[in-house]
Amino acid sequence: MFDLPAQRAYLSDKYDLAPSPELAASMDDIYQRMARVVSPVDWAIYAPYVKAINDLKAERNAVILGHNYMTPEIFHGISDFGGDSLQLAIKATEVKEDVIVQCGVHFMAETSKILSPNKTVLIPDMEAGCSLAESITAEGIAEMRKQYPGAPVVTYVNTTAEVKAASDICCTSSNAAQIVAAQDSHTVIMTPDQYLAQNVARDVPQKNVVWWEGSCIVHEQYSASDLRDFREWNPGTRLIAHPECPPDVVAEADFSGSTSGIIKYVTDEKPEKALLITECSMASNIADELPEVDFVGPCNMCPYMKKITLEKVLYSLDTMTGQVEVDADVAEKARLSVQRMIDLSRQLGL
């Protein structure tokens with residue numbers, strides 16, 4: 001557990017983190033990336049942290065990878081690269097810096113360490129876990145293999161290193177259907193997200209897709225009746241769902257796609273109003289790039305993603321705490337599954 005008072009005392013002794021309208025004004029170029037969703041008052045609070053972190057990155061030879069579910073002050077203020085799980089996994093193999101700070105959840109930091117074993121990988125809060133990742137174990141993979149002998153295991157990257165190591169190939173929501181379709185076997189095991197698997201089964205009818213019954217606490221909360229009610233109350237709003245949502249929710253939506261797919265759809269279509277049926281920060285992080293789109297609620301927040309804050313990033317990078325390690329044997333096997341995903345994605349032009 002974090003000792004937040006001690007952490008704050010340490011940072012306040014070393015940095016001037018008092019809210020500063022003057023500093024905020026001098027960093028207006030950064031602020032304009034999030035001005036639509038972050039108030040000037042809040043920016044004056046965030047600006048000292050953003051400056052301190054960006055200065056410290058240069059000293060530590062560090063790079064920050066920010067997931068699309070990060071809050072705007074992290075995603076736009078300090079992240080060197082932003083994206084979904086696949087994009088960040090690929091970027092982890094390409095960065096030249098010595099230190100990777102993962103602004104996301106723990107399995108993402110593990111993936112970065114697996115792909116870049118010689119880098120120092122930090123996660124600002126070790127308790128930034130994932131309900132979906134916690135729903136499956138390597139023993140669960142073994143159970144599925146016994147039930148469906150010979151079937152390849154396609155595992156969502158939202159899993160631990162041990163689960164990746166027990167699998168044949170990984171996938172993300174942006175490439176899951178294509179990776180399943182590319183498997184030689186007629187029966188394909190998908191873990192751990194039952195809803196992603198069911199949506200893939202619909203899109204890849206030539207395969208017999210079987211699945212583990214895990215789910216994401218954010219996306220499983222949405223229901224088809226919620227969408228029908230919202231459409232009735234807000235006619236003309238484009239409903240855009242993530243494939244981790246239940247199949248009836250996806251069927252009710254106007255479009256379904258991965259995080260990167262949702263961004264591309266909204267960017268290309270520019271609907272007058274859009275409801276993103278996914279994690280809250282998604283809309284916030286693209287709002288300033290699409291001023292013509294009115295992003296409307298409701299939304300659900302991931303409590304694990306929100307554990308990552310500017311304060312924790314600064315403390316982690318300053319003290320070099322929160323280092324992520326993966327057992328060498330596990331990492332080697334997991335690396336094969338992740339690298340197969342990356343290689344096949346590139347081969348398929350994804």
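Within the structure, side chain to side chain donor-acceptor pair (under 3.5 Å) contacts touching residues 241-250 (residues at least two apart or in different chains) are Tyr156-Glu244, Ser173-His242, His219-Glu244. Each salt bridge (Lys or Arg N to Asp or Glu O under 4.0 Å) pair with one or both residues in residues 137-147, not counting sequence neighbours, appears once here: Arg145-Asp168. Applying the side chain to side chain donor-acceptor pair (under 3.5 Å) rule to pairs touching residues 93-105 yields Asn61-Asp98, Lys91-Glu94, Gln102-Ser112, sequence neighbours excluded. Listed by first and then second residue, the side chain to side chain donor-acceptor pair (under 3.5 Å) pairs that reach into residues 64-80 are Lys57-Asp80, Tyr69-Thr278, Thr71-Glu73, sequence neighbours excluded. Annotation: ring pair (Phe, Tyr, Trp, His ring centres under 6.0 Å) contacts involving residues 80-113, sequence neighbours excluded, are absent.
Cluster partners of Trp233, using a side-chain heavy-atom cutoff of under 4.5 Å among ILVMFWY residues and allowing indirect links: none. Taking Ile, Leu, Val, Met, Phe, Trp and Tyr as hydrophobic and joining them when side-chain heavy atoms fall under 4.5 Å apart, one finds Trp212 in a cluster with Ile136, Ile141, Met144, Tyr148, Val153, Val163, Ile189, Val210.
Looking at residues two or more places apart in sequence or on another chain, you find a salt bridge (charged side-chain N to carboxylate O under 4.0 Å, His left out) between Asp254 and Arg231. Applying the salt bridge (charged side-chain N to carboxylate O under 4.0 Å, His left out) criterion to Glu279, with sequence neighbours excluded, gives Lys306. With sequence neighbours left out, Glu269 forms a salt bridge (charged side-chain N to carboxylate O under 4.0 Å, His left out) with Arg238. Take Asp318 and apply the salt bridge (charged side-chain N to carboxylate O under 4.0 Å, His left out) test, not counting sequence neighbours, and it matches Lys14. Here Tyr195 pairs with Asp193, Gln198, Ser215, Glu220, Pro246, Pro247 under the side chain to side chain contact (heavy atoms under 4.5 Å, CB included) rule; sequence neighbours left out.
Thr187 and Asn208 are linked by a side-chain donor-acceptor pair at a separation below 3.5 angstrom, with hydrogens and angles left out of the test. Between the side chains of Ser337 and Ser167, not a single donor N or O lies within less than 3.5 Å of an accepting N or O.
In this structure, the side chain of Lys113 engages the main chain of Lys119 through a donor-acceptor pair within 3.5 Å.
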Would Val296 and Asp294 count as a side chain to side chain contact (heavy atoms under 4.5 Å, CB included) if you check the C-alpha gap in whole Å, the side-chain angles of each, and the deciding distance to 0.1 Å?
CA-CA 6 Å; Val296 296; Asp294 180 14; 3.7 Å; yes

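Taking the charged nitrogens against the carboxylate oxygens, Arg36 and Asp288 have no contact shorter than 4.0 Å, which rules out a salt bridge.
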